[in-house]
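Okay, structure first, notes after.
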Protein chains: 2
Amino acid sequence: MQDKIAMTAPGGEALLFLTDDQIRRGIEAMYFAYRAFTSDPDLILAEMDYGRAHHRALHFIHRDPGLTVTALLDVLGVTKQSLNRVLRTLIEDGLVDSRVGRRDRRERQLYLTDSGTALERKLSETQRARLRTAFRTAGPQAVAGFRQVLEAMMDRDMLRQYRAFRDLPDTP
Amino acid sequence: MQDKIAMTAPGGEALLFLTDDQIRRGIEAMYFAYRAFTSDPDLILAEMDYGRAHHRALHFIHRDPGLTVTALLDVLGVTKQSLNRVLRTLIEDGLVDSRVGRRDRRERQLYLTDSGTALERKLSETQRARLRTAFRTAGPQAVAGFRQVLEAMMDRDMLRQYRAFRDLPDTP
DNA sequence: ATTGGAAAGTCAACACACCTGACGTAATAA
DNA sequence: TTATTACGTCAGGTGTGTTGACTTTCCAAT
């Protein structure tokens, strides 16, 4: 059941977990797991003519209420034209509130409305449920390894974004 | 550095790794890691008017040479119209060879040509390099956990596809 | 031998999410 | 005053996915 993961003596060369085949299995694991991971919210989103981009915007606005458009652009890594289309529909539909920046009035600070919060919760709950089950099944040690490997895969920029939010207040 | 992962006595309730915040971090880890994971091949693909769909087709044809269109459709989980557009360009460009099925002459069996093999290798090498580095950094225990959690996240169908290829010959 | 149906391929039309480039407006900073 | 930044928008394009309708090829059962 458990793959044999073995190391020879320190400095050894036969690191079974670095085999080409093991690496290939890692690649496919990423592919299939990510597909499963996005499938649940995709079903909900499709019903309301939204896509993953809407989900991502809701997620990061929820995580850091009051963040500016530029900050959101930065964390998502897309162009402003692309984000704007998504953001406009979310604002029109009353899920996101765009307020003039407090320090700098050029900036727009983004907040979820009540219904925006509700949809974000509904979408992420499906993913949380999946991850919770997977975490429980795999156990704490595996979860630690899961996060270690994923973090080691990230580029520096992404790792920075990933680590950025530890103890932020919910309302600035 | 290392997140505190703790369990109380068996049957305990304070499973820190199942905290809502820990789950959220898991969600973001998936998002950022997958983005990093696909960014390298995306750069290469963009240069040649290809996309991820082309990469995925090349990958699975490489993994299981001679598989039928239906089998590929099944593993990719897309419609035949969608796959066909991709497959047609790959065949036209001489990267994939489509041969009439041996058992059933209605079927098409798919093979990579030499240049197809070369491109698949070029694309996957970027991912393998990233994963190899991440695996080496995180260590064998973490890699085991990484795979355990990802497998636990998959749907049954995907897990079946994922497990399907262990000791297949390269040429049927 | 004819028929039913599966496998494969094709055409059309559409939606979504990304992109580049160019332009305009408002507000801060030099 | 001028330059820069932040934001929004128009236009045009690509890749990937969808439904629906249709034809051709071919195996298999009647």
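Numbers restart at 1 for each chain; the letters A, B, ... are given by sequence-line order, proteins then strands.
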Rounded distance (Å) that lies between atom C1' of D:dT16 and atom NE2 of B:His55: 16 Å
d(CG, A:Leu72; P, D:dA6) in whole Å: 14 Å
Partner residues of A:Ser39 under the side-chain hydrogen bond (donor to acceptor under 3.5 Å, both in side chains) criterion, sequence neighbours left out: none
B:Phe37 six-ring face occupied by B:Arg130 cation (under 6.0 Å, within 45°): no
Below 3.5 Å is the cut-off: list the nitrogen or oxygen pairs between protein and nucleotides 28-30 of chain D, distance only.
none

Residue met sooner reading DNA chain C from 5', once A:Arg105 and B:Val69 are mapped to nucleotides: B:Val69
Distance in angstrom units between B:Leu45 CG and D:dT14 C1', rounded: 13 Å
Whole angstrom value for the distance that separates C1' of C:dT10 from CD of B:Glu92: 13 Å
Lys/Arg cation over aromatic B:Tyr162: A:Arg25, 6.0 Å, 45° cone: yes
Pairs meeting criterion ring pair (Phe, Tyr, Trp, His ring centres under 6.0 Å) with involvement of residues 112-145 of chain B, two or more places apart: B:Phe135-B:Phe146
Test side-chain contact (heavy atoms from CB on, under 4.5 Å) applied to B:Asp42 - qualifying residues, sequence neighbours left out: B:Thr38, B:Leu45, B:Arg52
Donor-acceptor pairs are to be reported for all side-chain atoms of residues 81-95 of chain A against protein atoms at under 3.5 Å, with residues two or more places apart or in another chain.
from: A:Thr89; atom 1: OG1; to: A:His54; atom 2: NE2; distance (Å): 3.2
from: A:Thr89; atom 1: OG1; to: A:Val86; atom 2: O; distance (Å): 2.7
from: A:Asp93; atom 1: OD2; to: A:Tyr50; atom 2: OH; distance (Å): 2.3

A:His55: side-chain hydrogen bond (donor to acceptor under 3.5 Å, both in side chains) partners, not counting sequence neighbours: none
A:Asp42 CG to D:dT18 P, straight-line distance once rounded to whole Å: 11 Å
Nearest-angstrom distance from the residue atom CD of B:Glu47 to C1' of D:dT14: 16 Å
Those residues that, when tested against B:Arg99, pass side-chain hydrogen bond (donor to acceptor under 3.5 Å, both in side chains) (two or more places apart): B:Asp97
With the criterion being N/O to N/O and under 3.5 Å, what pairs connect the protein with nucleotides 14-21 of chain C, and how long is each?
from: C:dA17; atom 1: OP1; to: A:Gly51; atom 2: N; distance (Å): 2.8
from: C:dA17; atom 1: OP1; to: A:Arg52; atom 2: N; distance (Å): 3.2
from: C:dC18; atom 1: OP1; to: A:Arg56; atom 2: NH2; distance (Å): 2.4
from: C:dC18; atom 1: O5'; to: A:Ser82; atom 2: OG; distance (Å): 3.3
from: C:dC18; atom 1: N4; to: A:Arg85; atom 2: NH2; distance (Å): 3.2
from: C:dC19; atom 1: OP2; to: A:Thr79; atom 2: N; distance (Å): 2.8
from: C:dC19; atom 1: OP2; to: A:Thr79; atom 2: OG1; distance (Å): 2.9
from: C:dG21; atom 1: N7; to: A:Gln81; atom 2: NE2; distance (Å): 3.4
from: C:dG21; atom 1: O6; to: A:Gln81; atom 2: NE2; distance (Å): 2.8

Interatomic distance where CZ belongs to A:Arg35 and P belongs to D:dT16 [whole Å]: 15 Å
Nucleotide D:dA6, atom P - distance to CZ of A:Arg99 in whole Å: 21 Å
Contact list for residues 108-125 of chain A, test salt bridge (charged side-chain N to carboxylate O under 4.0 Å, His left out), sequence neighbours left out: A:Arg121-B:Asp20, A:Glu125-A:Arg128, A:Glu125-A:Arg132
